Amino acid sequence: MGSKVQTRSMMGAELMLALILLSWASSGSCSVSYDRKAVVIDGKRRILISGSIHYPRSTPEMWPDLIWKAKQGGLDVIQTYVFWNGHEPSPGKYYFEDRYDLVRFIKLVQQAGLYVHLRIGPYVCAEWNFGGFPVWLKYVPGIAFRTENKPFMDAMQGFTQKIVNMMKAERLFQTQGGPIILSQIENEFGPVEWEIGAPGKAYTKWAANMAVGLGTGVPWVMCKQDDAPDPVINTCNGYYCEDFKPNSNNKPKMWTEAWTGWYTEFGGAVPHRPAEDLAFSVARFIQNGGSFINYYMYHGGTNFGRTAGGPFIATSYDYDAPLDEFGLLREPKWSHLRDLHKAIKQSEWALVSADPAVQSLGSNQEAHVFKAGSGCAAFLANYDTKYSVRVNFGNGQYDLPPWSISILPDCRTAVYNTAKVGVPSSQIKMVPVGGFAWQSYIEETVSAFGEDTTTKDGLLEQISLTRDASDYLWYTTDITISPNEAFLRSGQYPVLTIMSAGHAMHVFVNGELAGSAYGSLENPKLSYNDKVKLRAGINKLSILSVAVGLPNVGLHFETWNTGVLGPVTLKGLNSGTWDMSKWKWAYKVGLKGEALSLQTLSGSSSVEWLEGSMLAQKQPLTWYKATFNAPPGRSPLALDMSSMGKGEIWINGQSIGRHWPAYTARGSCGGCSYAGTFNENKCRSNCGEASQRWYHIPRSWLKPTGNQLVIFEEWGGNPAQISLVQATRTS
Ligand code: GAL
C-alpha cells in the first residue's frame with residue numbers, strides 16, 4: 001500500500017517536472033533559433049553586438065579585463081575561432097591549458113553575462129599558422145584540405161565533434177544553460193567552392209550536415225557561403241555589408257566580420273580604420289535590416305610564439321581594434337562604438353519588429369524608418385563624401401556631416417551621429433623603464449657532411465623535413481674547385497644563384513655570411529644572386545633557410561612549398577655553369593641553440609656566454625641573454641626592438657614571437673580622411689619605419705625578480721639599445 005502511494009507521488013513529481021519543462025520550452029526559456037529578422041533567444045528577437053577576441057592571442061590573466069571592457073563597450077557576444085593546431089599539436093594528443101583553455105575562456109564570458117559565438121572551423125584563416133590546421137594533417141596519406149576528401153573530412157569531423165562534445169559536457173550551449181548561442185562551421189569557403197566546383201559543393205553540403213547532425217541545439221553559420229544549406233545561415237564578412245542578403249527569406253541578415261582595421265605584415269605599413277567610418281558601416285548595416293554584427297577584431301592581441309600565419313604576418317595582431325594589442329582602450333574608437341551600441345539598443349524594439357521604410361531626403365540622403373505600433377526609430381543617412389547636408393525629416397531639421405548616419409531612437413531626437421566623435425583620440429606612449437646587461441653566444445654555422453646532418457640527393461621541401469618544429473633548415477653542400485679554374489687567377493669570381501620558394505635565407509660560404517634575402521607576403525619567393533669568393537679545394541656552402549609562418553589562406557595552401565627548391569647554380573667556371581640542384585645536399589633541422597633549449601633557464605646554462613667587451617654585436621646568428629626584474633605596477637610591458645634585425649624572443653622560456661624590426665614598411669602612407677569607402681591601403685602608418693617595433697611581454701609571464709630574456713638574432717643588431725617599456729595611452 002505504502003509503496004503504491006510513494007510511486008504515485010513520485011509520478012506526480014515527475015509530471016510536475018515535465019510540465020515545468022514544457023512550459024519553459026513553450027515560453028522559450030533556454031532556446032536559440034532565428035527568423036527572417038533576427039536571432040531569437042528565449043523567444044525574443046535580438047539585435048546582437050558581438051566582438052572577436054581570440055583566446056590564444058592574450059593570456060588567461062588578461063581575459064577577464066578584456067571581456068569586461070567588451071561588455072562596457074556595449075557588446076552582447078564574444079566571438080572566437082577554435083584553434084585546432086593549438087589544441088591537437090600531435091594526432092590524438094590534446095592540449096587545453098593556459099592560453100588554450102577554451103572552457104575557461106567561455107566560462108569567463110558567461111560569468112560576465114555575455115554570449116559566445118564559437119567558430120569551430122576548424123579552418124580559421126585568421127592570419128594564424130596554417131589557417132589553424134595542425135601541420136601533421138598535411139602528412140596524412142591521401143589528404144587534400146577543404147574539399148570532398150575522405151581523410152580530410154574524417155579528421156575535420158573528429159575535431160569538430162571533439163569540441164562540440166567538450167562544450168556539451170561542460171553544459172556550455174545556451175540550450176543547456178550555457179553562453180554559446182551560435183556556432184560556425186568552415187570559414188569563407190564560398191570563394192574556394194567557386195574555384196573547385198563539384199567536389200567543393202559536395203563538401204559544403206557534407207560540412208553543413210555534419211555540423212547540424214551534432215545536435216548543439218543552437219544555429220550554425222557559414223560565412224561567405226552563398227549556398228549554405230538550410231538550416232545553416234550564410235553570413236557576410238567585410239568592411240561593409242549593407243547590401244548583403246541571406247540566401248533565404250527566413251534567415252536573418254548577419255555580419256560575422258566587420259573589420260575594425262586590418263592585420264600588419266612584416267614589410268607592410270600599419271593599417272588604421274577611422275572610427276567614424278566603422279560606425280557608419282555598422283549603422284548602415286543596421287538601417288538596412290541587419291541584426292547581428294561582429295567586430296573582427298574587438299581585441300586583436302598578439303601572435304605569440306610561432307602562431308603567426310602568413311607567411312610574413314607580424315607578431316602584433318593589434319588590428320587597430322577598439323582594445324589595442326595590450327588591452328588598453330583605443331580612443332576614440334572604443335567610446336564611439338559604445339555610444340553607437342547604446343543608440344542601436346535604444347532602437348532595438350522597433351528594429352526587430354518592423355521592416356525599414358526608405359524615404360529619400362535628397363540626392364544622396366535617405367531616411368530608414370522602422371515603425372511598429374507606437375514605436376518608431378529612424379536612421380538618417382548622408383552618403384555624400386564631401387558635403388554636410390541639412391535634411392528635413394518629420395517636423396525637424398537635421399544636420400548630417402559627410403558620410404554619416406544619425407540615429408533617432410524615437411524618430412525625433414538624434415542621439416548619435418557616426419561622424420560626430422565626442423572623445424579625444426588616445427596615443428600609445430611607450431615609456432622606457434630599463435635596459436639590460438647582455439651576454440651573447442654565437443650560433444654554429446652548419447656545414448655539409450658533418451655528423452649531425454642527413455644527406456640526400458637534390459633539394460628538398462623545407463616543411464617536409466622540419467614538420468614546422470622550427471623555422472630553420474640548413475641546406476649545405478661542398479663545392480670543390482679545381483686549382484685550374486681561371487677565376488682563381490683572374491679574380492672574376494663565379495656567380496652563385498639560389499632560388500627559394502620562401503621565406504628568407506642567409507647564405508654562408510666557408511662559414512662567412514655572403515648575404516641574406518627574403519620575400520614578402522605578396523611574393524614569398526626569393527633569390528640570392530652574387531659573386532662568391534671560392535678557393536681551390538673544398539668550399540663549404542651553408543644556406544640557412546627560414547620559414548616565417550605557414551600560409552593561412554589560398555587554394556590548397558597545404559601544397560605550397562617552402563625552402564630552397566632551386567635551381568642553385570654557379571656561373572663563370574671553366575666549364576660554364578654548374579647546376580647544383582641535383583647534387584648531394586646535407587640537411588639539418590633547426591638551430592643548435594634550439595636543440596640545447598637556450599631559451600630555458602636550464603638549457604641556457606649548457607653553453608658559455610660572453611659579455612662585456614667580448615659581447616657579440618652586429619653579428620649574424622647570435623643568441624643574447626639577460627636577466628631582469630619586473631618593473632612595479634600593472635601597466636602592460638613591451639620590448640623596444642628597434643636596434644635589432646630579425647629573430648625570436650623568449651621570456652622565461654616562453655616565446656613572445658618573432659621579431660623583425662629591420663623589415664621596414666614599403667610604400668608611402670599619405671593622409672587619411674574618414675569619408676569615402678575604406679580599404680586597408682587607405683589610412684596607414686609606419687611607412688619607411690619598422691612594421692613592428694614593440695613586442696608585447698605579458699605581465700603574467702614575469703616573476704618579480706630574476707626573469708630571463710633570450711633573443712635569437714639572425715641578422716645582427718645592437719642589443720645595448722633594446723629597452724623594456726611600459727605601454728600607456730594618453731589623450
Ligand atoms: C577574413 C577571414 C579572417 C581573417 C580576415 C583578415 O577573410 O575570415 O579569418 O583572415 O579575413 O584579417
Side-chain angles (χ1 to χ4, degrees), residues 50-57 78-86 117-133 145-146 182-195 204 207 220-226 228 233-241 244 254-266 268-273 278 281 292-303 307-323 325 521-522 549-555 557 678-684 691-692:
S50 172
S52 292
I53 301 177
H54 296 156
Y55 51 97
R57 284 178 157 144
I78 301 296
Q79 186 203 67
T80 183
Y81 285 124
V82 177
F83 297 86
W84 187 357
N85 51 12
H117 179 198
L118 195 65
R119 303 172 94 188
I120 300 178
Y123 169 66
V124 300
C125 194
E127 291 71 69
W128 190 261
N129 199 45
F130 224 33
F133 290 131
F145 287 5
R146 304 180 76 206
L182 291 164
S183 287
Q184 176 176 300
I185 194 75
E186 250 294 341
N187 187 74
E188 295 194 332
F189 184 68
V192 179
E193 180 188 299
W194 192 84
E195 284 195 62
T204 298
W220 288 87
V221 308
M222 281 179 141
C223 61
K224 264 206 200 169
Q225 183 83 56
D226 293 342
I233 309 166
N234 62 308
T235 64
C236 185
N237 291 349
Y239 289 118
Y240 304 91
C241 275
F244 172 77
M254 297 172 66
W255 188 0
T256 33
E257 290 181 25
W259 298 325
T260 54
W262 199 243
Y263 57 83
T264 300
E265 64 186 80
F266 287 127
V270 180
H272 301 277
R273 185 175 188 189
L278 179 57
S281 70
F292 177 98
I293 125 103
N294 175 75
Y295 295 103
Y296 187 100
M297 302 294 296
Y298 197 77
H299 172 254
T302 309
N303 295 314
T307 60
F312 298 97
I313 300 296
T315 293
S316 169
Y317 200 62
D318 176 84
Y319 223 87
D320 202 35
L323 301 179
E325 175 174 10
L521 174 54
E522 228 165 60
L550 301 188
N552 59 273
V553 64
L555 197 60
F557 62 77
F678 177 81
N679 67 59
E680 62 274 17
N681 298 317
K682 204 172 144 186
C683 297
R684 312 183 308 161
S691 296
Q692 186 180 348

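Remember, it's 1-based here, ligands and their atoms both numbered in the order they're listed. What you see is a predicted model; the values in this text were computed from it and never measured.
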Donor-acceptor pair between Glu188 and Asn237 side chains, under 3.5 angstrom: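 Checked: Glu188/Asn237 side chains pair up, N/O donor to acceptor below 3.5 Å.
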What I want to check is whether the side chains of Gln79 and Glu257 have a donor and an acceptor closer together than 3.5 Å.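 Distance-only check fails for Gln79 and Glu257.
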With respect to [X], determine whether any N or O atom, backbone or side chain, lies less than 3.5 Å from an N or O atom of ligand 1.
{"X": "Tyr319", "value": "yes"}
{"X": "Val124", "value": "yes"}
{"X": "Tyr263", "value": "no"}
{"X": "Glu188", "value": "yes"}

Which bit of [X] is near ligand 1, meaning a heavy atom under 4.0 Å away: side chain, backbone, both or neither?
{"X": "Trp128", "value": "neither"}
{"X": "Asn187", "value": "side chain"}
{"X": "Lys224", "value": "neither"}

What residue and heavy atom of the protein are closest to atom 1 (C) of ligand 1, and at what distance?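 Closest protein heavy atom to atom 1 (C) of ligand 1: Glu257 OE1, 3.1 Å.
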Considering heavy atoms of the protein only, find what lies nearest to atom 10 (O) of ligand 1 and give residue, atom and distance to 0.1 Å.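 Protein heavy atom with the smallest distance to atom 10 (O) of ligand 1: Glu127 OE2, 2.6 Å.
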Atoms in ligand 1 with a heavy atom of Tyr317 nearer than 4.0 Å: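 So the atoms of ligand 1 that pass are 12 (O).
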Enumerated ligand 1 atoms positioned under 4.0 Å from heavy atoms of Trp262: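 This gives 6 (C) as the contact atoms.
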With a 4.0 Å cut-off on heavy atoms, does Tyr123 reach ligand 1?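 Under 4.0 Å: no for Tyr123.
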Which residues pass the ring pair (Phe, Tyr, Trp, His ring centres under 6.0 Å) test with Phe189, sequence neighbours left out?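 Partners of Phe189 under the ring pair (Phe, Tyr, Trp, His ring centres under 6.0 Å) test: Tyr203.
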Is the [X] ring parallel, tilted or perpendicular to the [Y] ring (thresholds 30°, 60°)?
{"X": "Tyr239", "Y": "Trp259", "value": "perpendicular"}
{"X": "Phe145", "Y": "Phe130", "value": "perpendicular"}
{"X": "Tyr317", "Y": "His54", "value": "parallel"}

Under 2.5 Å between the SG atoms of Cys241 and Cys236: is that the case?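 Judged by the SG atoms alone, which are under 2.5 Å apart, Cys236 and Cys241 are bridged.
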Listed by chain and number, what are the salt bridge (Lys or Arg N to Asp or Glu O under 4.0 Å) partners of Arg57, not counting sequence neighbours?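 Counting only residues at least two positions away or on another chain, Arg57 forms no salt bridge (Lys or Arg N to Asp or Glu O under 4.0 Å).
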